[in-house]
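Because the structure is a prediction, the values reported are computed rather than measured.
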Amino acid sequence: MAIASCDSEPVQTPGCVQAHGALLVLRLSDLRIVQASENAAAVLGQSAEQLFEQSICTVIGVEGQSRLRSLLDQEAVFCNPVYLMTLPSTHTGTGDAVLDVAVHTIDGVAVLEFEATSHTVEPKPDYYALVKTTLAKLQSASSLQQFCDVVTNDVRGLTGLDRVMVYKFHNDGHGEVLAESRRDDIPSWLGLHYPAEDIPKPARAIFTKTWIRPVSDVSGALAELVPLANPDTCAPLNMTHCVLRGVSIMYTEYLRNMGVTAALTLAIRRDDKLWGLIACHHYDGPRHIPYHIRAACEFLAQVVSLQQQATEEKEHLAYRLKMEGVHQVLLAAAARDGGLAGLINGTPSLLNGIDAGGAALYYLERWWCIGNTPTDDELTGLGNWLSAVMLPACPRPLYVTAKLAQAYAPAAGFAKVGSGLIAVPVSANRKDLILWFRPETIQTVNWGGNPYDKPTVPGANGPRLTPRRSFERFAESVLQQSLPWRLVEIDAAASLRFMLAEWVAGQTGRRTVLHADLARSNADLDAFVYVASHDLKEPLRGIYRYAHQLLEDVVSIDDESRRKLDGLVRLTVRMDGLLDSMLHFSRVGGTDLLLEQVDLNEILAEALDFLGSRTIDKEHAVAVPRPLPTVLCDRIRCRQIFVNLLSNGLKYSDTANQRLEVGYIAPNDSHPRPHCPQKILGQAIFYVTDNGIGIQAKHHQQIFKLFKRLHGHDSYGGGSGAGLTIVRKLVEQHGGQVWVDSSAGQGSTFYFTLPSKASPIQ
């Protein structure tokens, strides 16, 4: 055998049998023997040459031949070995031993297998009752682990072998020992993993066609068929369904390397595919499992195959119900709170549903995280990739992987927390996302021996593979790969996504209605303010006119009455100013911004011209340390910002030499930015500084409120107290922020930003 031909071994047509039994091949038309195993003389008392072309009645008698013919005519024996009879010792060449005879048909021939049995000597256990008891325990198992434990314990009790394991195949072909029942003095293999190559593809294919594979003596001899090919067809015998089928030398060496002397293997199938094996090993010499025990084991393997899926689905159902319960609570919380942040911050959270190491939610233009997740910058890059590349390409709005770094290379940088990913969008634009992460399986896979160790030995045709001799634990880290996501988890994520998407869509519809209502309310309010301001000003002008006429027309008036009339005139003037401010404030933002590229130096010059005729003179200087930039803004509103801030700086001063400074701080400038909000770092910041009276820190927020004055109405030139409120509204229209840095007696600096679609500093 060549070194790499393990998968091409003729395991279905080995042309030999295990020598503890004998095999005969009969022509179906006349039931004459056309092939026999070379050990026929030792087992049946007649040599293969003597039996050739003889009627089968020479071996099993006339009555046996009649029973065989009846069975072949009436029973389904095609590729299905069934018990034919027990042959008395007088018909055999094995002394006092009696032989069980099984028969099946394949490719136009009947195959008879003869094996020694002990069931006629010892009382036969009630195998039906044993299997029935096992079935009841399997049906009551609540988890796959409990189910597999029942299988290993009961098969070991049935066979008496030293070790019984349930061995599951993973998606990549490698196997894992899920459950084990063993003798106390032998080491445990529970949890060990074995490379896919340990059980070659031809061997796996056999177990999709047959349920059982006994090896009574790992070191036992083999007996070839005589002749090797069927003389009628010149074809080798297909021995797939023969329990005596000769054992591959690779398999026997593999077992001997583990110290195994006898073995029995049963298939566990799901939907005609091999799910796993029930592997049974014995260590104290040969161990023959008689036909009736094998039949019970074969029936049990079929029951296990049928019941295993039901048990796994039962376990998944419990898990699914738990996840659905958590997700219903999360949806109720979102509806109650009017937002999705509770999915992360609340109890329960996203991590209480699907089994994951961390979860992240992109919502309200930011990331919300719980558990172990990548950083915000890493999440942003991943979110952009998912929204732009992966989710649009998926057949449904959901992306799942256990090997994220293979599809998204930057994920290698956060593999320890995010090698596995489930991603679902919760909005139509796929921008709002929920991500579940699983970490890299740095918990090592414990291999039964080194999976890369492929020793060779000399063979007849050159070096050939031989099984590994070392079966100590070999730890291999599975890099950039997480535990696989189960289908029930993927379905739960998709279900949650559907419920949240419906809720978000409903919220969007409600917000649209609310926005329309708010727009109508604002329009009504603006109309009211305009009418109120306009209509109130007419009687106010009358009061002012009559009061002023009284002061001029009345010649003789006492001082007290004159003081009262002066106060009336002054109050009407102040109220007129308040109405003007209210009307002005209501109109700020009444129309959309007219954005254009504007040179702020021109805006500043226009603002100074507006103020110059009244206030700007040699005693009032305005410094500009460097030319201001060009930005995208609304020219008129931006000019109003500068007018109000400059006017404020000139007004609130008690020094004869007033000084103002207008400038900006570029994003990369090394310049103090006192009280600057964290989220606007990286934007250009504009400022107006004065050397006026300053503002105490406790009033820094109050000064931006409408009609809020910190001084008497007649102090510092009076005023309505609406100027800074209007500044804040104009800045916020541009998407910016305004704040102040000041202390009493030390002057003030007003900072603001204009980030609305702003172009870079020029």
Taking only residues two or more places apart in sequence, or in another chain, which ones meet Arg69 in a side-chain contact (heavy atoms from CB on, under 4.5 Å)?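 In terms of side-chain contact (heavy atoms from CB on, under 4.5 Å), with neighbours along the sequence ignored, Arg69 is linked to Leu31, Asp73.
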Just jot down the side-chain contact (heavy atoms from CB on, under 4.5 Å) partners of Lys209, sequence neighbours excluded, or say none.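 For Lys209, the residues satisfying side-chain contact (heavy atoms from CB on, under 4.5 Å) (neighbours in sequence not counted) are Gln12, Thr240, His241.
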CA sep, side-chain torsions, deciding dist, call: Glu63, Arg67, salt bridge (charged side-chain N to carboxylate O under 4.0 Å, His left out): CA-CA 6 Å; Glu63 184 179 346; Arg67 185 181 302 177; 3.8 Å; yes
So does Gly173 get a backbone contact from the side chain of Arg204, meaning a donor-acceptor N/O pair under 3.5 Å?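 Looks like yes, one N/O pair under 3.5 Å.
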Answer yes or no for Arg294 and Trp211: cation-pi contact, defined as NZ/CZ to six-membered ring centre under 6.0 Å and angle to ring axis within 45°.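 Because its charged atom misses either the 6.0 Å distance or the 45° angle limit, Arg294 does not stack over Trp211.
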If you define the side chain from C-beta out and look only at heavy atoms, does anything of Trp275 sit under 4.5 Å from Glu312?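 A side-chain contact exists here, since the closest heavy-atom pair is under 4.5 Å.
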Are any of the side-chain heavy atoms of Arg156 and Arg183 separated by less than 4.5 Å?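 Answer yes - side chains close enough.
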Mutual orientation of the aromatic rings belonging to His170 and His174 [parallel < 30°, tilted 30-60°, perpendicular > 60°]: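 Parallel, since the angle between the ring planes stays under 30°.
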Is it true that atom CG of Asp30 has more than 12 heavy atoms of other residues, nucleotides or ligands lying nearer than 6.0 Å?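 For Asp30, atom CG is crowded (more than 12 foreign heavy atoms under 6.0 Å).
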Does atom CZ of Phe299 have more than 12 heavy-atom neighbours, drawn from other residues, nucleotides or ligands, at distances under 6.0 Å?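 Counting other residues, nucleotides and ligands, CZ of Phe299 stays at 12 neighbours or fewer.
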Between Asp149 and Gln145, do the side chains contain an N or O donor and an N or O acceptor separated by less than 3.5 Å?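 A donor-acceptor contact under 3.5 Å links the two side chains.
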Spatial distance of atom CD (Gln481) from atom NZ (Lys403) [nearest 0.5 Å]: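 Separation between the atoms: 4.5 Å.
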Ala267 versus Ser305, closest heavy-atom pair with distance: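 Nearest heavy atoms, Ala267 then Ser305: O-OG, 3.8 Å.
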What are the two closest heavy atoms between Leu190 and Leu178, and how far apart are they?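 Minimum heavy-atom separation between Leu190 and Leu178: CD1-O, 3.3 Å.
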